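The block underneath contains the structure these notes are about, expressed in structure tokens.
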Amino acid sequence: MLVENSFSQYPVRVVVVMGVSGCGKTTIGKQLACALDDAPFIDADTLHPPQNIEKMANGIALSDSDRWPWLRRVHEEFDTQASQLLKARGTKHLEQPLYVVCGCSALKRSYRELLSRSNSDVSDVNRIYDTLFAFIDVDRQELLRRVAQRPNHFFDPALLDTQLSTLEPPDTAREAAIIVDGDRAADRVVEDACYQIRKYRAIVSQ
């Protein structure tokens, strides 16, 4: 199911606004969703099971065994939202993909590979979306300032350095990703991200 004259191979593109805590995944993600034709927004933090939230609130870093079930749940939500969006809006006269936006840390390349994977029950010819990661790059000192100003968030600021050490920034030559300077006002970040997203052309294997 391809869209002619489009920068995407598929009718829906899932944009994952990624980075460590404090980079603005939710704030930027929600504004970006509005800018991208009122796209649905998924806040991956809300999909964490209670035990993950309790760990982070207590300053305990999540392990891969904590993250994999959560990431699979996020991926399932991609499938759900993309299907619902396509059903509601259709593909008639579609020259740009429809968008779903998600705010998710996606710190490691292996996590991003899982989130980019097609559903095992769906063949490539019937796949309806691709995935593009928008990495919000923010200086550590600015991140510390931001997380310190979120007293009601479950994330313990002491975990920031753990996240930074875990972070594997996307390699734009090998991954479907863009990099956005997050050390600016939110509207400037959204404007830059939106421009790059709309111009991004997926590399299609021949």
Side-chain angles (χ1 to χ4, degrees), residues 8-10 12-26 28-29 32 41-82 99-124 127-138 140 143 147 154-156 158-180 182 193 196-197 200-205:
S8 177
Q9 184 185 10
Y10 303 100
V12 180
R13 170 163 286 166
V14 175
V15 177
V16 181
V17 181
M18 60 156 290
V20 299
S21 186
C23 75
K25 295 184 292 294
T26 302
I28 300 302
L32 185 60
F41 177 72
I42 303 166
D43 185 349
D45 278 351
T46 65
L47 301 177
H48 272 296
Q51 58 267 31
N52 283 10
I53 293 174
E54 183 178 359
K55 275 190 170 184
M56 288 185 282
N58 290 324
I60 302 171
L62 298 182
S63 65
D64 280 356
S65 61
D66 295 319
R67 287 193 174 101
W68 289 123
W70 166 62
L71 290 167
R72 284 191 287 269
R73 175 70 185 87
V74 175
H75 186 269
E76 289 171 359
E77 192 64 19
F78 291 176
D79 292 341
T80 299
Q81 292 294 333
Y99 292 97
V100 173
V101 179
C102 174
C104 179
S105 53
L107 298 177
K108 292 184 180 181
R109 184 176 181 183
S110 59
Y111 302 164
R112 298 190 290 274
E113 288 175 347
L114 184 153
L115 292 173
S116 300
R117 197 172 299 158
S118 62
N119 188 313
S120 59
D121 296 329
V122 177
S123 65
D124 284 344
R127 188 176 181 185
I128 63 170
Y129 70 89
D130 62 6
T131 309
L132 175 65
F133 294 88
F135 172 45
I136 310 300
D137 190 15
V138 179
R140 178 178 177 275
L143 290 168
V147 296
F154 62 77
F155 182 82
D156 186 334
L159 292 175
L160 179 60
D161 283 333
T162 300
Q163 283 202 346
L164 286 169
S165 65
T166 301
L167 174 66
E168 298 171 2
D171 179 352
T172 57
R174 302 178 65 186
E175 299 180 66
I178 61 171
I179 297 177
V180 184
Q196 291 194 59
I197 289 164
Y200 186 85
R201 184 183 293 276
I203 299 174
V204 181
S205 299

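As the structure is a prediction and not an experimental result, all values here were calculated from the model.
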* Asked: Tell me, do Ser116 and Phe133 make a side-chain contact under 4.5 Å, heavy atoms counted?
  -> yes
* Asked: What heavy-atom pair brings Leu143 and Val138 nearest, and what distance separates the two atoms?
  -> CD1-O, 3.5 Å
* side chain to side chain donor-acceptor pair (under 3.5 Å), paired with Asn52, selected from Glu54, Lys55, His48 -> His48
* Looking only at non-hydrogen atoms, find the nearest pair between Trp70 and Ser105 and report the distance. => CH2-OG, 3.6 Å
* With a 4.5 Å heavy-atom cut-off, do Phe41 and Leu32 have their side chains touching? -> no
* To do: Mind telling me whether His75 and Tyr129 have parallel, tilted or perpendicular rings, with 30° and 60° as the class edges?
  => tilted
* Electrostatic pair Glu77-Arg73, nearest N-O below 4.0 angstrom -> yes
* Asked: Of all heavy-atom pairs between Val147 and Ser21, which one has the smallest distance, and what is that distance?
  -> CG1-O, 3.7 Å
* Asked: Who pairs with Ser65 by side chain to side chain donor-acceptor pair (under 3.5 Å), at least two apart in sequence or on another chain?
  -> Ser63
* **Residue pairs involving residues 168-179 (criterion salt bridge (charged side-chain N to carboxylate O under 4.0 Å, His left out); sequence neighbours excluded)** => Arg112-Glu175
* To do: For Arg67 and Leu62, work out which heavy atoms get closest and say how close.
  => NH1-O, 3.1 Å
* Asked: Going from CD on Glu76 to CG on Leu47, what distance comes out if it is rounded to the nearest 0.5 angstrom?
  -> 9.5 Å
* Beyond-backbone contact of Met18 with Leu167, side-chain heavy atoms, under 4.5 angstrom -> yes
* To do: Indicate the atoms forming the closest heavy-atom contact of Val74 with Cys102, along with that distance.
  => CG1-SG, 4.1 Å
* Asked: Do you know which two heavy atoms are closest between Ala134 and Val15, and how far apart they sit?
  -> CB-CG1, 4.4 Å
* Structure fact -> Rounding to 0.5 Å, atoms CG (Asn58) and CD1 (Ile53) come to a distance of 12.0 Å
* side-chain contact (heavy atoms from CB on, under 4.5 Å) between Leu71 and Cys104, intermediate numbers included -> CA-CA 9 Å; Leu71 290 167; Cys104 179; 4.2 Å; yes
* **Sub-4.5 Å side-chain heavy-atom contact between Val16 and Phe78** => yes
* Asked: Between Lys25 and Asp45, does at least one N-O distance fall below 4.0 Å, as a salt bridge requires?
  -> no
* Asked: Measuring from Leu159:CG to Ile60:CD1, what's the distance to the nearest 0.5 Å?
  -> 9.0 Å
* By side-chain contact (heavy atoms from CB on, under 4.5 Å), which residues pair with Ile179, not counting sequence neighbours? -> Phe135, Asp137, Thr172
* Hey, are Glu113 and Arg109 close enough for a salt bridge, meaning a charged N less than 4.0 Å from a carboxylate O? -> yes
